[in-house]
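All chains are named by letter (A, B, ...) in the order of the sequence lines, taking the proteins before the strands, and each is independently numbered beginning at 1. Below, each value reflects all heavy atoms present in this structure, side chains not excepted, and no hydrogens, waters or symmetry copies.
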2 protein chains.
Amino acid sequence: MDFSYTEENYLKTIFKIGLDNGTEEAGTNELAASLSVKPASVTEMLKKLKSKKLVHYEKYGKIKLTKPGRELAIDVIRKHRLWETFLYEKLEFSWDEVHEVAEELEHIRSKKLINKLDQFLRYPEYDPHGDPIPNEKGVFQKQSKKTLSKAEPGTSCKMVAVKDNSTSFLQYVVSLGLGINNKIKVIAREEFDGMMTIEINGENKSVSQKFSDNIIVI
Amino acid sequence: MDFSYTEENYLKTIFKIGLDNGTEEAGTNELAASLSVKPASVTEMLKKLKSKKLVHYEKYGKIKLTKPGRELAIDVIRKHRLWETFLYEKLEFSWDEVHEVAEELEHIRSKKLINKLDQFLRYPEYDPHGDPIPNEKGVFQKQSKKTLSKAEPGTSCKMVAVKDNSTSFLQYVVSLGLGINNKIKVIAREEFDGMMTIEINGENKSVSQKFSDNIIVI
DNA sequence: TATATTTGTTAGGTTAGCCTAACTATTATA
DNA sequence: TATAATAGTTAGGCTAACCTAACAAATATA
């Protein structure tokens with residue numbers, strides 16, 4: 001069965017709102033705001049999605065995805081994040097340019113295309129924003145990403161993405177011996193200015209808050 | 001200005017029909033058949049395209065693209081053929097699988113995307129079917145492709161694509177010393193069974209009609 | 001050149017997805 | 001707990017793109 005771009009966007013957005021608030025549920029106005037449509041349009045679409053068994057929904061009640069609805073949403077997210085990775089890694093798009101184009105690409109309907117793309121990119125686990133990419137079965141890491149600056153001293157984390165794509169920043173990252181998937185241990189953090197001491201490959205380094213704000217870790 | 005997928009498809013189809021029949025013009029029924037819609041729908045769309053100054057059109061008259069209309073059509077064709085090339089070369093799609101997916105990809109709206117893709121593919125001149133790919137300015141080869149079997153003895157041509165993607169065929173092609181962009185000179189052709197003698201890199205080879213039917217040349 | 005055939009248009013309807021305005025249900029607060 | 005605020009729904013309309021059926025123009029053929 002095939003669904004319209006619009007239907008796919010509703011499902012994806014319901015899923016995201018559900019993730020954000022932890023309840024796996026969404027409200028009409030919330031959805032409307034997120035999709036930039038009016039609440040009346042949402043109510044209408046919910047009736048359709050319900051009739052297609054993609055959402056659980058009763059008048060004035062909360063919206064929740066059904067199993068097929070959730071699978072579809074995850075599939076769209078998988079496509080979105082794979083395309084972002086493609087744009088970022090192969091076509092030299094920057095961190096902040098990938099999203100918009102991926103919004104269009106995520107709706108291309110071809111199982112083969114997306115699985116081959118996944119293979120071509122060597123089955124990446126995280127997109128350029130550090131968000132996990134669901135695999136072909138729809139399975140993905142739920143661990144939440146954050147900036148390195150938010151990591152607790154004494155804990156370890158893994159770098160999954162950078163926010164800044166300037167050459168100077170990337171060169172600095174490399175010079176510190178850091179790269180995607182590297183482990184970072186937070187030794188200490190100075191409350192006053194956010195300076196951090198981190199351990200990379202057994203070596204201690206000092207980094208500024210400006211730096212740690214631009215490193216995404218999980 | 002941005003146009004709908006549907007409008008883009010109309011323009012692309014008018015352009016193709018115009019190319020095919022040499023007049024650069026198309027008729028309503030012809031267009032309708034090609035787009036799998038009814039003539040009434042075409043008439044309606046023509047009024048809209050005319051109001052947007054994309055086609056020259058008078059009631060009961062022939063349809064012809066305006067300059068901006070033609071530019072748009074060529075841009076869509078450029079995108080289509082670049083995506084086909086990507087699918088074929090990078091994602092291991094076969095000759096006959098690329099078209100359908102490219103029909104969707106050709107409408108993605110991002111100048112940067114398509115120009116970066118072009119660069120990533122190293123500015124290919126022909127798609128996997130041997131059709132020329134317009135460059136960023138919309139310029140492309142008009143020379144018509146054909147199968148090697150249709151080439152006249154005494155003439156030379158250039159291989160631009162293959163029809164068969166089986167490993168056995170491709171290995172055979174390679175073993176003959178043939179590859180994309182190679183020059184082929186047709187020495188002789190046997191009327192009875194289509195066997196051809198061709199010259200590749202100064203060497204003469206004999207190939208069957210079945211073989212030459214699967215080599216696209218210009 | 002009259003008529004049959006082909007080609008193209010018009011009128012009126014449908015569906016998806018959106019809107020506004022008016023309304024109702026739910027929830028929060030005095 | 002009554003009422004104000006918020007959240008959600010309904011009714012009625014709009015546009016893009018499609019359709020069918022009936023008609024009109026252009027072209028081909030007897």
Side-chain angles (χ1 to χ4, degrees), chain A residues 1-14 17-18 20-21 23-65 69 72-73 76 103-104 106-107 109, chain B residues 1-14 17-18 20-21 23-65 69 72-73 76 103-104 106-107 109:
Chain A
M1 229 170 287
D2 254 4
F3 301 94
S4 72
Y5 284 22
T6 310
E7 289 167 329
E8 288 188 353
N9 279 331
Y10 272 82
L11 296 176
K12 181 185 70 172
T13 307
I14 295 168
I17 292 177
D20 280 356
N21 62 27
T23 66
E24 298 199 10
E25 292 179 333
T28 302
N29 286 0
E30 214 175 358
L31 237 189
S34 193
L35 286 161
S36 303
V37 298
K38 300 298 168 196
S41 309
V42 171
T43 301
E44 188 177 74
M45 179 58 90
L46 288 175
K47 288 176 185 169
K48 199 207 295 189
L49 293 176
K50 187 189 176 180
S51 81
K52 294 188 176 185
K53 304 213 187 301
L54 295 169
V55 299
H56 295 295
Y57 163 69
E58 295 305 331
K59 229 198 241 188
Y60 293 104
K62 284 293 173 189
I63 307 151
K64 195 170 179 178
L65 295 174
L72 237 140
V76 174
E103 281 292 300
E104 276 194 74
E106 73 188 5
H107 300 291
R109 283 174 245 282
Chain B
M1 228 171 285
D2 252 4
F3 301 95
S4 71
Y5 283 23
T6 311
E7 288 167 331
E8 287 189 355
N9 279 331
Y10 272 83
L11 296 175
K12 181 186 70 171
T13 307
I14 294 167
I17 292 176
D20 281 356
N21 62 27
T23 65
E24 297 198 10
E25 291 179 332
T28 302
N29 287 359
E30 215 174 358
L31 237 189
S34 194
L35 286 162
S36 302
V37 297
K38 302 295 167 197
S41 308
V42 171
T43 300
E44 188 177 75
M45 179 58 91
L46 287 175
K47 289 177 185 166
K48 197 205 298 187
L49 293 175
K50 186 188 178 179
S51 81
K52 295 189 176 185
K53 304 213 187 303
L54 295 169
V55 299
H56 296 294
Y57 162 70
E58 296 304 330
K59 230 198 243 190
Y60 294 103
K62 284 294 173 188
I63 307 151
K64 195 170 177 176
L65 294 174
L72 237 140
V76 174
E103 282 291 301
E104 277 193 73
E106 73 188 5
H107 300 291
R109 284 174 244 281

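Across the protein-nucleic acid pair, Phe3(A) atom CZ and dA16(C) atom P stand 13 Å apart, rounded to whole Å. Whole-Å rounding puts the Asn29(B) CG to dA25(D) P distance at 17 Å. Counting to the nearest Å, the P atom of dT20(D) and the NZ atom of Lys38(B) are 5 Å from each other. Summarising the geometry, the separation between CD on Glu7(A) and P on dA16(C) is reported as 9 Å, rounded to the nearest angstrom. Taking atom CE of residue Met45(A) and atom C1' of nucleotide dT10(D), one finds them 18 Å apart after rounding to whole Å. Distance, Leu31(A) CG to dT6(D) P: 20 Å, rounded to whole Å. If you measure from atom CG of Leu46(A) to atom C1' of dA7(D), you get 13 Å, rounded to the nearest angstrom. The distance from atom CD of Glu30(B) to atom P of dT6(C) is 16 Å, rounded to the nearest whole Å.
For Val37(B), whose side chain is taken as the heavy atoms from C-beta onward, the closest listed nucleotide among dC18(D), dT10(C), dA26(D) is dC18(D). Ranking dT10(D), dA25(D), dT20(C) by closeness to the Tyr60(B) side chain, first place goes to dA25(D). Of the candidates dT20(D), dT10(C), dG8(D), dG8(D) carries the atom nearest the Tyr57(A) side chain, counting heavy atoms from C-beta on. When distances run from any side-chain atom of Glu44(A) to the nucleotides dG8(C), dC18(C), dC18(D), the shortest one goes to dC18(C). Which of dC18(C), dT20(C), dT10(C) sits closest to the side chain of Ala40(B) comes down to dT10(C).
A side-chain contact (heavy atoms from CB on, under 4.5 Å) with Ser34(A) holds for exactly one of Ile14(A), Asn9(A), Thr13(A); it is Thr13(A).
Regarding contacts with the backbone of dT9(C), a side-chain N or O of Thr28(B) is found under 4.0 angstrom from either OP1 or OP2. Between Lys59(A) and the phosphate of dT24(C), there is no side-chain N or O to OP1/OP2 separation shorter than 4.0 Å. For dC18(C), the OP1/OP2 oxygens have no side-chain nitrogen or oxygen of Ser41(A) closer than 4.0 Å. Contact annotation: Lys47(B) side-chain N/O to dT9(C) OP1/OP2 distance is not under 4.0 Å.
Thr43(A) comes within contact range of at least one nucleobase, with a heavy-atom separation under 4.0 Å. Looking at heavy-atom distances under 4.0 Å, Tyr5(B) makes no contact with the nucleic acid at all.
Under a 4.0 Å N-O distance rule, the pair Glu58(B)/Lys64(B) does not qualify as a salt bridge. With respect to Glu103(A) and Lys12(A), a salt bridge is recorded, a charged nitrogen being found less than 4.0 Å from a carboxylate O.
Relative ring orientation between Tyr5(A) and Tyr5(B) is described as perpendicular, the plane-to-plane angle rising above 60° on a 0-90° scale split at 30° and 60°.
Remark: Lys52(A) NZ to Glu7(A) CD distance equals 3.5 Å, nearest 0.5 Å.
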